[in-house]
Peer 1: 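One structure coming up, written as structure tokens, with questions to follow.
Chain letters run A, B, ... following the sequence lines, proteins first, then strands; residues in each count from 1.
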Amino acid sequence: MLQLEGFLQALNAGLLLGAHYGLMCVGLSLIFGVMRVINFAHGDFMMVGMYAAFHIFTLLGLGALLGEGAGPYVAALLAAPVLFVLGYLAQRFLVSRVTGTRVGNLEGEGHYAQLILTLGLSLILQSGGQILFGSVPVSVPSELSSEAWELEFAGGALVVFVNQARAWGAVVAVAIVTLLVLLITRSRTGKSLRAAADNVQAALYMGIDVDRAHRLTFGLGVAITAVAGGLLASSYPFTPYVGLEFVIIMYAGVVLGGLGSTVGAFWGGLLIGVIQQCSALLLPTQLQNTAIFAVFLLVVFLRPQGLLGRVSERT
Amino acid sequence: MQGIGVVERGTTRRRLMAGAAAVAGAALAPGSGRAQAPGTVKVGLLVPLSGIYARFGQLMRMGAEIGVRHINEQGGVPSLGGAKLDLHLFDAGDSTEKAKNAAQRMVADHPDLVACSGAYLSSFTLSATEVTERAELPMLTLSYSDLITTRGFRYVFQTSARAGDQAKVTLPIMLDLAEKATGKRPATVAILTDNTASSLSFVQPIREGSAGFGVKIVMDETFTPPLSDATQLIQKVRSSRPEMLIMPITVISDVKLLIEKMNEFGLGRGRVPTIGSGIAMAQSDLLQNIRPAQMEGFITVVGNWDAKGQDKIIEEFKAATGEPWMGQNGIATYGDMWIMRDALEKAGKSDRRAVAEALRTIDITEGAALYYPGRRVKFDANGLRETAGPVVVQWQNNKPLTVYPQDSAMAEITWLKR
Amino acid sequence: MLEIEELHAGYGGTPVLKGVSLRVGQGEFVAVVGPNGAGKTTLFKAISGTVATRSGRIRFQGTDLAAVPASRRAHLGIAHVPEGRQLFPSLTVMENLEMGASTEAGRRDWARNLDRVLAWFPILAERRSQLAGTLSGGQQQMVAVARGLASSPHLLMLDEPSMGLAPAVAEFIFERLAEIHREAGLTILLVEQRVAEALESADRGYVLEAGRIALEGTHAELRRDDRVRQAYLGM
Amino acid sequence: MFRPLGAPRILLPILAFCAVYALLAVTVENSYHQLTLTLVPVWAIFGLSWNLLSGMTGLISFGHAAFFGLGAYTVALLFVKAGLTPWLGIPVAGLVGGLSGLLIGLPTFRLRGHYFALAMLAYPLALLNVFLWLGYQEVSLPLMRDSGWAFMQFADHRVYILIALGLLLAAMLAMRLVERSRYGMALMAIKQNEAAAEAVGIDTRRLKLVTIALSGALAGAIGGFHAVILLVVTPEAVFGMLISAQALTVAMFGGVGTVWGPVLGALVLIPLGETLHARFGAVLPGIQGVVFGTAIIAVILLAPEGLYWKAADLLRRRRAGSGPEAVPQGREGPAAPPTPAARTAPGPEAPAILRAEGVSKSFGGVRAVREVSFTVRRGEILGVIGPNGAGKTTLFNLLNGFVRPDAGRVLLDGRDVTGVAPNRLCRAGVGRTFQVVRPFARMSVADNVMSGAQVHAASAEEAREMARRAMRRVGLGGMEDARAGALSNLDLRLMELARALAGNPRLLLLDETFAGLGAPEVEQLLGVIRGVAAEGVTVVIIEHTLHAMVRLVDRFVVLDNGAVLAEGLPQEVTGNRAVVEAYLGSKWIAHAGD
């Protein structure tokens, strides 16, 4: 009974956390899918998103206005437009110079330049973050972060605690992923993003402004991950250097789901959350991240296109 | 601060290469053009000021700067004609390589430094002391790692008790206290620790000697920080039902996750008496991240803390920094400045070897000694402060207060009854 | 409608087009034929802006295209149906057509265009929600042509629409093209390897060889030309 | 650039650089500057190690810290646990790095592109957690006061600089030799086009494994040396993501795929980072990172391929503008070789060299090749023609092993070679060219051609000689030193042909060799191919149009829609109604009587 309880508890924690990871991964995957850019700075953009949520919460007095229950979620959502603009500008002035149609003649199709550029960007965001935000860890105050719904089974012999902050966060994450999927499958803009991802040249022939599509994508990808960061910001103290802790998870999730598959990235992230939390049932807790990498490598070797990826990468 | 912190200068200019133009504006740092006054003695502080550990370095810097100001206001070093201390800061950054580079920079560019303090993280201290040892520059440190004073070094002086020793001293005290409060001596203990070097050294004597302490370990979990979720760890605590939990944690985010999860599971606020190690569980930063009420009753064992009789300094520190209390990092570097002063006073000359020799032979219970638990400064042959014992801090009424040792205690320790 | 003067273009260090001049009049159907690697596809790419022009001029309805970025050229009324179809494989047939209608005119005339292309290619109505990547080659080509038409173009450029298709399917496509040209009065520029079909439907033709126009004339003239017969059959 | 190994022009700059560096280093008194001067070669070597794998094969590794960290721990643990001096520990670290390279490479080379890069990321991070779990949070190398030299602990830090520099010199020379060797050529070939590399007989999988092992060994050794410098080893400091990033950064900043890239990168970035840190770290913590990041971005926007290539391109442009030396050397003679000995087409009785029997292949439901059977006779020139999309290239891929048929067999000299790897077929005497020629633009023609000779030659010398001979056979004699990027279309085709010929194949598969050529150029190439055939090489050539082919080939196989439509002598085929229809359409036939 105790073991079952432990398993259910770990599964529940894994699913809730995994939904947050999934949302993060979706943002990164969107950028990768459309632009084929490995964004090393993605975790740092998320960090900026977390600070944006924190300062929005404090400056707008959301705690007093909406309470510490709903306030943090509103703050997380409001961080999205801020980060969208930041991502849009970063793409417009920096990343676009080493991506898209300009890099045809470069060695490795500009991948080298993209990597270095986003590494530089990552450094600037981290260090600039320290100057702007300081190095004291902060988190968005939430009255839910230590509240749980206690689900009793077997007449109270088995209790599963469902953390309220994480549960609502997971609900928001799923809602956003759903909205995003609707956006990219139903709206004209979303379809043109997918078209640009499928075939840049053909998209140009259709009169789709691919550069604009890339700016939108980068902004949107960064904003989505920022919301995920904002959701975590109430249960996870962060500093300007927090990005590094999550960017690995994001890469693993995106590859697991299949590079370029938006929905796949969500499942990838969710799976990582579950593996991370459940691995401790079998392995030493210290190796929970090793377990992620092991499963990651295993899946990649057995199914190189990822769980939901298409058979071949675009050439 | 008041401009006491003087940045390095001189040779650095030559090193400025490609970045020179871009950073020219920032180069006009306060104090950088000031010549060293004749009656000053240079001391160093090597701590992380940038990167992931910057916060701790900032607190240490604050303490040291106030220490230097107090010393200089109170007449500097009398035996050197009232020479003033001149504090130089070095950024140990966020990696052992950067810490070592900074140490090398410190000894190379400042041959007239007589002593230094640092470097917060024990791995940084380990790599930095490799440099200071070879340069014969005495270095004071509060790092807990056992390795620091077991390498046969002669120029490193550890002011706090090593983590393993802290546990050995603390555990029986805690067990007695529990017995006194509840009438029953705890028989079961759970261990939940991160795998940083200091946490592991803290739990090691408990793991090895649980029988000697008369307790049984019912759960023993080690995790790699930072955690992303504490659910399954606390679930294990919940299902093993220990009478006492040993939980040394070093990362703030882990403290929040674990403590909040304990409260969520109904194990917080002393329901499961919890003893940590290190400052993460008592740092002022927690106030920005967790409701202090949730911390009530938690105990942590540290190397140094705000103590009885230091009210004036603490008040001044609080006023100058806006911090709610001083804490280990502030008080330790403050004290280190005083140790340096007392050693200089004893040495009678501004020379690093002489200062080191003075440190090896110093034995005082006044002056600097007031800022350390045990109230005595005397180092053994390995450089470990002999009377260094643990300081026990407990959250009471939303503040971490020193409850042990007796002569430092600002409050009575309490043991919440289950 | 389209005037090209002394066009030089290429990739990286290698020139491909070495001074091509060509005209397409309003309502004309013009074919360009030539061997692989002669520069036919490069010519199209230069017109739609994905290959840089080194020198020379391209004017479309009086506008010098040099100043128009690639993504705006479709909006001027140029529809490029690229070699190898180049559909958006992860989009459905309808979505591909919708992407074709990204231009202002295409959106305005969406309903009319859709009716028209579904009338010309009825199979697409059946396959409307199938992913374009899973269609057969012939169906894909129909989507590609229909996608081009969905933008309400003034000029339809087709790059080897018969490539890889069975003769019967290719013939079907050519018949449709002729029909479209007739019914809609659309100006068409076609690059083709199936010389006869191309010249049959076209009013005029050009022979492009090694980056230069080797020959031009009406379809009758070209069909009778020995060089064409020799070049394309080795007769 | 086409010179034997050890030529002063290649080695002198490296020796000069190291000499200057050493002179500079011994005059530096400041121990901090000495440390920085030690770290520059350390990170340069780490960058070189990354460059060997990623720069030369194009497989980007995000996980080089795995090797570095294992090396560091090897030295530290051997020292602490077994008292082994780093003098021996570092070579062992290299060994450990090399072995781990093999172990990591074996599964990971199944992945390509981004998947490879991201999978590599997982190894050091998994190892980081494992070393924490093992309890090696902090491993400190003991101070040996009395026997410093024996344990690589020197009072004078300049000794460290000299050791690091010695290692760098060795690494640079080794890398330069590798670059110039057949092995290096093969790596280049893989980077350019793995398929083409297979086709010239390179066992790409084995070679990649050797490379990752060498790269891992170098990274392991330098990781071990770094442990000696730092004296403390922690998992974060050696397996951390920033360590992997460091390798990427110095190499990409300086220039990928060249010996000088990582060296330049380290020379600029390490002192810059240190200076910024020293100057501003304590003043406005964080500003050093902002400036450093900005500097990196600024340089990469100006020189997206790194400093070295930017400088090299600028230099070449300037030289091209002023000096006469840039003008490519003239050919030795006319492009076409002297009129070949007359050859007669082998008759139907000639033995088969290659046979396809009922070969079929589908891709995602599309039947690209359907039950194709035909025979290539020894010594003949066979043309495979068909309209675009008829399945010609797929057929070639089936014939030389790139693609395994769904059904049917391929026989070489009567032996079943269905699905045999292209590199092995190449060794068995099958050469091949590709439709799209992708030369190493910055390399000389001779170096490009050499990649085709190297597996068949016993030494680099021999490979060079074979390349030279192949170039003469196609009429490129005297063009050895020309840059491949500056070649005309025809010369590129000839170079591709020479590359396939360099391995002295018995059977040559040519894929659309005439594409994009004008009539006079086609004539020239026809002559070359006839010459090759006259020497006894069997030639199968794919073409899209018929016109030049009718004058070249002995026999035709006509493909349409993936199946054989007709087979026979040129005049039979051109007169075949079905062929004419497939090419020109039924309308042509209708008008044929006009």
Peer 1: Search all heavy atoms of C/Gln86 against all heavy atoms of A/Ala202 and return the closest pair with its distance.
Peer 2: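 Nearest heavy atoms, C/Gln86 then A/Ala202: O-CB, 3.2 Å.
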Peer 1: Give me the contact list for residues 178-191 of chain A versus chain C, heavy atoms only, anything under 4.5 Å, ordered by residue number.
Peer 2: A/Thr185, A/Arg188, A/Lys191
Peer 1: Atom NE2 in C/His75, atom CD1 in A/Ile208: separation rounded to 0.5 Å?
Peer 2: 8.5 Å
Peer 1: Considering residues, nucleotides and ligands other than A/Arg212, do more than 12 of their heavy atoms fall under 6.0 Å from its CZ?
Peer 2: no
Peer 1: Kindly write out the residues that satisfy side chain to side chain donor-acceptor pair (under 3.5 Å) with A/Thr217, not counting sequence neighbours, or none if the list is empty.
Peer 2: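 Here no residue qualifies.
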Peer 1: Quick one: pull up CG in A/Asp198 and CE in C/Met99 and give me the separation to the nearest 0.5 Å.
Peer 2: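 If we round to the nearest 0.5 Å, A/Asp198:CG and C/Met99:CE are 10.5 Å apart.
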Peer 1: Between C/Arg85 and chain A, with a heavy-atom cut-off of 4.5 Å, which part of the residue counts as in contact: side chain, backbone, both or neither?
Peer 2: neither
Peer 1: Taking every heavy-atom pair that is under 4.5 Å apart, which of C/Gly49, C/Ala101, C/Ala150 has the most such pairs with chain A?
Peer 2: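 Sorted descending by pairs with chain A, the first entry is C/Ala101.
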Peer 1: Tell me, side chain or backbone of C/Leu76 under 4.5 Å from chain A's heavy atoms, or both, or neither?
Peer 2: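 Neither part.
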Peer 1: Taking non-hydrogen atoms and a cut-off under 4.5 angstrom, which of residues 59-73 of chain C neighbour chain A?
Peer 2: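 Residues C/Ala70, C/Ser71 are the ones that qualify, each having a heavy atom under 4.5 Å from chain A.
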Peer 1: I need the C/Arg147 CZ to A/Met206 CE distance, nearest 0.5 Å.
Peer 2: 3.5 Å
Peer 1: With a 4.5 angstrom heavy-atom cut-off, which part of C/Ser102 approaches chain A: side chain, backbone, both or neither?
Peer 2: both
Peer 1: Got a sec, which residues hit side chain to side chain donor-acceptor pair (under 3.5 Å) with C/Thr50, two or more places apart in sequence or on another chain?
Peer 2: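 For C/Thr50 the side chain to side chain donor-acceptor pair (under 3.5 Å) partners, ignoring immediate neighbours, are A/Tyr205.
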